[in-house]
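Here is the structure we will look at.
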Amino acid sequence: MATELNQSYDPKSVEAKWYQAWEDNGCFDGEVDEENDSFAIMIPPPNVTGILTMGHVLNNTIQDILMRRARQQGKNALWQPGTDHASIATQVKVEQHLRDKGVDKRDLGREKFVETCWEWSKEHGGIIFKQLRTLGTSCDWRREVFTMDDRYTQSVLHAFVALYKRGYIYRGRYMTKWCPVSKTALSDEEVIMTPQKGHFWTMRYELVDSPGEFLQISTTRPETIMGDTAVAVHPDDDRYKDLVGKKVWRPFPREEIPIIADEAVDREFGTGALKVTPAHDQVDYEIGLRHDLPIVDVLNEDGTLNHLAGEEFEGMDRFEARKKAALRLEELGLLIKTEEYENNVGFSERGKVPIEPRLTDQWWMKYPKIEEAKRAVEKGIVKFHPERWEKVYLHWLNNIRDWAISRQLWWGQRLPVWYKKGADRNDPANVHVSVEGPADPENWEQEEDVLDTWASSWLWPFATLGWPSDDEKVRKELEYFYPTDDLVTGPDIIFFWVARMIIAGLEFMGDEKKELTDDDIEERIPFKNVYFTGMIRDLQGRKMSKSLGNSPDPLDLIDTYGADGLRFGIMNIAPKGSDILFSNERVEIGRNFCNKLWNACRFRQMSSDGASGDNTGSQEAIIGQIDFAKCDAFDHWILARTIETTKRVERLFQDYELSQLTHTLLNFVWGDFCDWYVEASKSKLNDDSLKANCLAVQDFVLRQSLQLLHPIMPHITEELWAAMGFGQKDSFLMQTTLLSSEGIEASLAKAGASLDKAAVMHIDQVKELITKARAIKAEYNVASKRDVSLIITAADAQAQRVVEENLDTIKKLAGAESIAFLDSVENAPGSVSALGTVYLDLASAIDVEAEKERLSKELAKLGKAIAAGEGKLNNESFISKAPPQVVEGAKKQLAETVAKRDEIQRLLQSL
RNA sequence: GCGCGGGUAGCUCAGUUGGUUAGAGCAACUGGUUUACACCCAGUAGGUCGGGGGUUCGAGUCCCUCCUCGCGCACCA
């Protein structure tokens, strides 16, 4: 049953094998099972053309850990995979690809272009999921969903139509954020404010009625002068009061424009006079509406100037026109000054150029269920981890503005909207909105625009489960898995995605209802917990990017460290909620730990002379093999530590403290088990009367460790599970229920065992004694000698008993041939511990000076502690106000420290 | 401008509701083939917890303030 293990762990031969086995045996399948609790995570769908990044590694490792943990708890778990069509991102890529081949998308036409996008998606679509598999992610691949699938598209259109009918969606001509590269409207969220160095020009416009008199105006955008239809000042500004109602000459094209008064003008800024360009600025547009100003749009959709800008500017790019307009002002003698200036400019997220405020016809959405969405998070019905992101979320909802959901693109869901041919589109009577389309299609033409990608992915948690459907099986699944449990994503998409999914869930997952109760909210939310990961950066704290070349290929890392090594390594350096400074060196620990675990199991195996015990049962069965009468203090200690660790892991999962998880398990397996228990075992394994019992304890600890580690390191633990013979035939560790800390305690009680608390404390003292002995050996350059003689002056009879009881282990671990007990020792280097003073019995004379120095240093340290302790205890207020157990603790502490100090002083004197 | 998060050992970070002499990993240094593991073992060194003030018997931890780094939102043309 058990197989022999190699000297070191080789991930390559192990990982692919188990992944295949899991998948072949349906271990990832999420199915409805009313007998069991459900657990579901919907993967944040990567862009269909994306490839695996370190961000994905982190994100999906976390999800896989949560999934595997849920399965260990007997839950029926579904991890739903899928990809996003990423409308604008994909279209930009495909357009570029076509341009490289010398093809313009317009020549191709809409239908052919969309076909190309489909080909592109199919070609690139599988890549990221192939890569994810090498990481060990346990998604239910049978259920892969693409947001452009027919069924998914039906969900999207259905939602659009429903919202339209409910009055949340409308069409209108308003100021929009326009990307001149992608030539489409954007939502507020797709605009990134970026500081830009530019110029601030101050110019003067001549008054029409008083030639020779001028009004000074400042601007950062002289290229829009041609679109000016007024100059505005503040109504209370005494400098300009008399000018309101008069006119000035707009320099080019030369035309009279009025001076108006509007409160939106800031008197302190610039000259206090503002050129008003209603077609090219949000504020100006609003001023224009208030004063009924003409709107002169001087820009084309690609950011070049049009004929309204005048002959000399027509066809010129906006930034070139800016320079030229400034030059023109100078030539006309109207430019007063030019200053260097830095301001924030909105950039298109995809187009990477400044957006242009522009008046366009778009489809808009008023968000439904805003109050409920706030309540869901405020009341913890949806919990954020870490909590602080709640503020960001609530702030956005409190300042929410209508969502521009139409995009002037071709790749995406085309709006289910038809207009009567040749009729006025602004008249609702001429607009048809439905999933199926009009009955007489020949009289209608469909809207050209497609939906914002996020207006499809906001339905992800339920559209993936087939909503809406009349099919009984589909409805059952939705009911069973929804609301899902956890969402794992980055805080950068709180607005884009997280908030909108919550809103969509509240609106659609139940009957149409204006207001929701808390109970309604609980049923409708898309997920109960949101875990926000940090961002992966390099050691300098820079974002990972292709251009910086600081972004390692996860596949190379998997090749070097193994998938499990990488998973462990990345979790180990990923503090909850803050960014991760990544370097290869920092994840080496994961690979090293895999090897350590491997060898711990290997050692256990080598100890059993090839005849492994019957481990194929449960933890209870292993406990049954332990004879507690034969257990010494170390056995009690490691069993207690196993329970403690299991308990701590339970708490950490509850709190989503996943990087603490790696620290805890590393400490336990490496620090407690390997460094102490296994080493202590070595003296017992020679004793036939103790050996079997010791191995049973080892089996218990290893079995529990493999299970606790499995969510983080699935492949190696599954391999060792099989190699150690812990698994029953045809069963996987992955599917084996984990015994809880309470379960272990109950099993121990059933076996009639109670752990000796005193023994646990004694081991800490024994460890201290051993460490002191090792240190003193190192000091005298005999660290590697295994045959030194130690002398111990025990602190008291009880301490001496503890040392005697663990004598073999102490000899073994300290590397001593003999240990003698004496009442006092002369002329030997010693070190003080709680159990007593340990001396190195040297044949040669000791270095008195060095020894004095060492002891003095120790003495100084203790002196400080004693002073602090005494100060505390001499303080009346401390005695009277601090809780009694704290005072007691301080007293005990002081007594121990004083004893140590006295002992060291005695040692010093004896030199 | 408003908000959020950092500043603890050379580096990266832990540090529960305030309560022993502030911890870990990596790096450094010293010594090591010991019933598994050099992807290892043992040991050493290294910190007035960003500055200042306050609350308290007691502060890395709570409050105020300042400095500094990063991020988000808003924005004056």
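Quantities reported herein were computed from a predicted structural model and do not represent experimental measurements. So you know, we letter chains A, B, ... as the sequences are listed, proteins then strands, and number each from 1.
Comparing the P positions of B:A14 and B:G53 gives an interatomic distance of 28 Å, to the nearest angstrom. Annotation: B:U33 and B:U16 have their C1' atoms spaced 43 Å apart (nearest Å). Nucleotides B:U68 and B:A24 place their P atoms 34 Å apart, quoted to the nearest Å. For B:C29 and B:C69, the C1' atoms lie 32 Å apart once the distance is rounded to whole Å. For the P atom pair drawn from B:U30 and B:A45, the interatomic distance equals 15 Å after rounding to whole Å. When the C1' atom is used for both B:A36 and B:C26, the distance is 24 Å, rounded to whole Å. Using atom P as the reference point in both B:U48 and B:A9, the two lie 9 Å apart (nearest Å). Between B:G50 and B:U61, the two P atoms lie 8 Å apart (nearest whole Å).
Looking at heavy-atom distances under 4.0 Å, A:Ala600 makes contact with a base. Base contact: A:Val886 has a heavy atom under 4.0 Å from a base atom. No contact: A:Trp201 has no heavy atom under 4.0 Å from any strand. Looking at heavy-atom distances under 4.0 Å, A:Met535 makes no contact with the nucleic acid at all. Using a 4.0 Å heavy-atom criterion, one finds that A:Lys812 contacts the bases of the nucleic acid, with or without backbone contacts as well.
Projected onto RNA chain B by closest heavy-atom contact, A:Arg388 and A:Arg786 fall at different nucleotides, the more 5' of which corresponds to A:Arg388. Of the residues near RNA chain B, A:Lys881 and A:Asp579, the one whose nearest nucleotide (by heavy atom distance) lies more toward the 5' end is A:Asp579.
The side chain of A:Lys596 contributes an N or O atom lying less than 4.0 Å from OP1 or OP2 of B:C41. Regarding contacts with the backbone of B:G43, a side-chain N or O of A:Arg774 is found under 4.0 angstrom from either OP1 or OP2. In this structure, A:Lys872 does not reach the B:C57 phosphate: none of its side-chain N or O atoms is under 4.0 Å from OP1 or OP2. A sub-4.0 Å separation between OP1 or OP2 of B:A77 and a side-chain N or O of A:Tyr341 is present. Taking only side-chain nitrogens and oxygens, A:Gln7 comes nearer than 4.0 Å to OP1 or OP2 of B:C37.
In the set B:G43, B:G31, B:A36, B:A36 carries the atom at the smallest distance from any side-chain atom of A:Asn599. Closest to the A:Asn344 side chain, of the nucleotides B:A74, B:A36, B:C13, is B:A74.
A salt bridge is defined here as a Lys NZ or Arg NE, NH1 or NH2 lying under 4.0 Å from an Asp or Glu carboxylate O, and A:Glu851 with A:Arg854 meets this definition. One finds no salt bridge joining A:Glu657 and A:Arg648 here, because no Lys/Arg side-chain nitrogen approaches an Asp/Glu carboxylate oxygen to under 4.0 Å.
With rounding to whole Å, A:Asp281 atom CG is found 6 Å from B:A77 atom C1'. In this structure, A:Asp655 atom CG and B:A14 atom C1' are separated by 15 Å, rounded to whole Å. Nucleotide B:A36 holds its C1' atom 11 Å from the CG atom of A:Leu702, rounded to whole Å. Between A:Asn399 atom CG and B:G3 atom P the separation is 14 Å, expressed in whole Å. Look at CD1 on A:Ile580: it is 15 Å from C1' on B:C71, rounded to the nearest Å. Nucleotide B:G72 holds its C1' atom 7 Å from the CZ atom of A:Phe495, rounded to whole Å. The interatomic distance linking A:His663 (NE2) with B:C26 (P) rounds to 12 Å, in whole Å. B:G43 atom P lies 14 Å from atom CZ of A:Arg854, rounded to whole Å.
Considering CG of A:Leu299 and CZ of A:Arg358, their distance stands at 7.5 Å, rounded to 0.5 Å. To the nearest 0.5 Å, atom NZ of residue A:Lys275 and atom OH of residue A:Tyr205 are 6.0 Å apart. To the nearest 0.5 Å, atoms CD (A:Glu876) and CG (A:Asn874) are separated by 9.5 Å. How far CG of A:Leu709 is from CZ of A:Phe568: 7.0 Å, rounded to the nearest 0.5 Å.
The partner of B:C2, taking Watson-Crick or G-U wobble pairs whose two distances both stay under 3.5 Å, is B:G72. Nucleotide B:A38 forms no Watson-Crick or G-U wobble pair with any nucleotide shown, as no partner meets the under 3.5 Å limit on both distances. For B:G58, there is no paired base (Watson-Crick or G-U wobble, both distances below 3.5 Å). The partner of B:G23 is B:C13, by the rule that a Watson-Crick or G-U pair needs both atom distances under 3.5 Å.
Contacts of A:Asn595 classified as side-chain contact (heavy atoms from CB on, under 4.5 Å), with partners at least two apart in sequence or in another chain: A:Ser8, A:Tyr9, A:Asn599.
Judged by atom type and distance alone, A:Gln282 does not reach the base of B:A77 through any side-chain donor-acceptor pair under 3.5 Å. For B:C37, its base never sits under 3.5 Å from the side chain of A:Asn595 at any donor and acceptor pair.
Ring-plane geometry between A:Tyr677 and A:Phe673 is classed as parallel, the angle between the planes falling under 30 degrees on a 0 to 90 degree scale with a further cut at 60.
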